[in-house]
Protein chains: 2
Amino acid sequence: MTEWRQYSELQLDPVLRAALEAFVDTGYHGATVRDIARRAGLSVPGIYHHYATKQDMLLGILDITMDDLLARSRAAKEEGAGDPVRSFALLVECLVLFHCYRRDAAFIGSSEMRSLEPANRTRIAALRTAQQRLIDAEVDEAARSGRFQVAYPHDAARAAATMCIAVPSWYRIGHESTPEQVAERYVDFALGLMHYAGPRPV
Amino acid sequence: MTEWRQYSELQLDPVLRAALEAFVDTGYHGATVRDIARRAGLSVPGIYHHYATKQDMLLGILDITMDDLLARSRAAKEEGAGDPVRSFALLVECLVLFHCYRRDAAFIGSSEMRSLEPANRTRIAALRTAQQRLIDAEVDEAARSGRFQVAYPHDAARAAATMCIAVPSWYRIGHESTPEQVAERYVDFALGLMHYAGPRPV
DNA sequence: GACCATACCGAACGCTCGCTCGGTAGCAAG
DNA sequence: CTTGCTACCGAGCGAGCGTTCGGTATGGTC
């Protein structure tokens with residue numbers, strides 16, 4: 001994954017695609033297997049031929065989504081290797097692009113964590129923690145070298161991440177701004193939040 | 001509401017208190033009326049003596065919560081009247097304190113909007129829009145006078161608000177930081193996000 | 001003492017839920 | 001031309017859902 005800015009349609013089989021639509025509309029508990037089947041153009045047993053339980057559908061969506069995000073984030077971070085301010089800016093850009101282009105999946109990823117059974121939640125939560133640590137590491141280093149003037153680096157990193165994660169709550173494709181425009185603005189917001197005073201690194 | 005920084009236990013009757021607990025644990029659709037009844041120490045018909053439907057319980061919680069937030073926000077804004085930077089800072093402080101002290105109710109307020117029936121959603125959404133407009137107005141004015149160096153004031157205001165609204169996703173009372181400490185840090189983050197360079201106004 | 005409103009409850013109604021049973025249709029391999 | 005595999009479906013199971021019915025107990029009013 002070197003082209004982390006490049007997005008084509010998310011690769012989901014028809015069942016997961018239908019499940020994702022249903023979960024976005026009514027939430028995991030509110031979505032019925034009959035509704036998912038109708039959206040997929042299948043019967044209810046047709047759905048169960050592919051996935052053993054509704055829980056497995058949620059888990060499948062979240063696994064694919066988090067793998068995609070982590071791969072892109074690692075590539076973005078790599079692009080700025082050696083310069084923590086630049087790496088941080090690229091991570092924010094990546095996070096916003098992802099939450100615009102993968103809006104539905106990203107939205108489910110943050111809103112339906114609690115609908116996972118404990119063992120599944122533990123696994124997915126670990127992926128989300130890994131994602132946050134990528135950001136924390138760059139902020140820590142930029143703060144240590146004095147380029148970010150921030151007294152509580154982890155709090156600041158979390159604040160920056162959460163404002164990106166909230167993007168799907170208001171953005172959708174077709175919005176007056178493109179994902180690239182939103183990402184550019186959010187990089188600027190995030191650097192400001194860190195009280196970064198130098199030149200914009202992206 | 002002049003003492004918008006003061007918090008005592010949220011005034012909810014036993015049924016709404018139980019419903020709020022249940023909604024936080026499993027979400028609106030995942031919570032059952034039997035579960036709410038058990039938490040309230042009542043039978044199922046006992047619950048229906050007080051509220052006609054489960055939907056009315058969600059609506060009651062959201063109404064009380066949004067009224068509380070809006071009253072506090074208007075008071076906070078008033079305290080900085082005449083100085084938009086100060087008003088904005090007070091609004092952010094108020095928003096963070098609220099999302100710490102009223103964590104559960106605030107969490108439901110942002111996560112269960114989609115579980116409201118259309119007519120109810122419209123009403124509550126209007127309250128949330130009013131809340132956002134309070135912030136927008138101050139950011140607009142601070143940007144117009146050049147004290148906030150931000151090219152897209154509404155995007156910046158939304159970014160600032162969403163990072164505050166996300167606080168309940170990680171904070172709970174008993175956290176190593178007090179609500180007042182979190183609020184102070186977030187005011188600093190929000191002002192940085194606006195590229196504010198002057199003295200801290202709070 | 002009759003009346004009424006408030007605050008509840010045991011039992012159950014009709015429905016929908018996640019999920020399964022016992023199939024069929026199509027197709028490739030032997 | 002049988003066998004076996006994949007991809008499905010009509011019908012329905014048992015459980016649990018939101019909600020309701022027909023009560024009872026309590027306490028205040030005239």
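Lettering follows sequence order; numbering is per chain, from 1. Please read these numbers as outputs of a predicted model, since none were measured by experiment.
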Atom pair distance, as rounded to whole Å: NE2 in His29(A) and C1' in dC17(C): 13 Å
For atom CD1 of Ile47(A) and atom C1' of dA11(D), their distance in whole Å: 18 Å
Lys54(A) side-chain proximity, nearest of dC9(C), dT19(D), dC19(C): dC19(C)
Length of the CG-P vector between Asp56(A) and dC19(C), whole Å: 9 Å
Separation of atom CD in Gln55(A) from atom C1' in dG18(C), rounded to whole Å: 13 Å
Which residue lies more 5' along DNA chain C, comparing Pro45(A) with Thr32(A) via nearest heavy atoms: Thr32(A)
Cationic N near anionic O, under 4.0 Å, Glu93(A) to Arg5(A): yes
d(CE, Met57(A); P, dG18(C)) in whole Å: 9 Å
Distance-only donor-acceptor test, Arg34(B) side-chain atoms vs dG18(D) base atoms, 3.5 Å: yes
Lys/Arg-Asp/Glu bridge criterion (N-O < 4.0 Å) met for Arg38(B), Asp35(B): yes
Given dC8(C), dT20(C), dC9(D), the nucleotide with the shortest approach to the side chain of Val44(A): dT20(C)
Aromatic plane relationship, His175(B) with Trp170(B) - under 30° parallel, 30 to 60° tilted, over 60° perpendicular: perpendicular
Between dT20(D) (C1') and His49(B) (NE2): distance, integer Å: 15 Å
Audit row: Ser110(B), Arg128(B), side-chain contact (heavy atoms from CB on, under 4.5 Å) steps and yes/no: CA-CA 9 Å; Ser110(B) 61; Arg128(B) 293 184 74 85; 3.7 Å; yes
Rounded interatomic separation in angstrom, taking NE2 from His50(A) and C1' from dA7(D): 6 Å
For atom OH of Tyr48(B) and atom C1' of dT19(D), their distance in whole Å: 5 Å
Sugar-phosphate, base or nothing in reach of Ala31(A), heavy atoms under 4.0 Å: sugar-phosphate
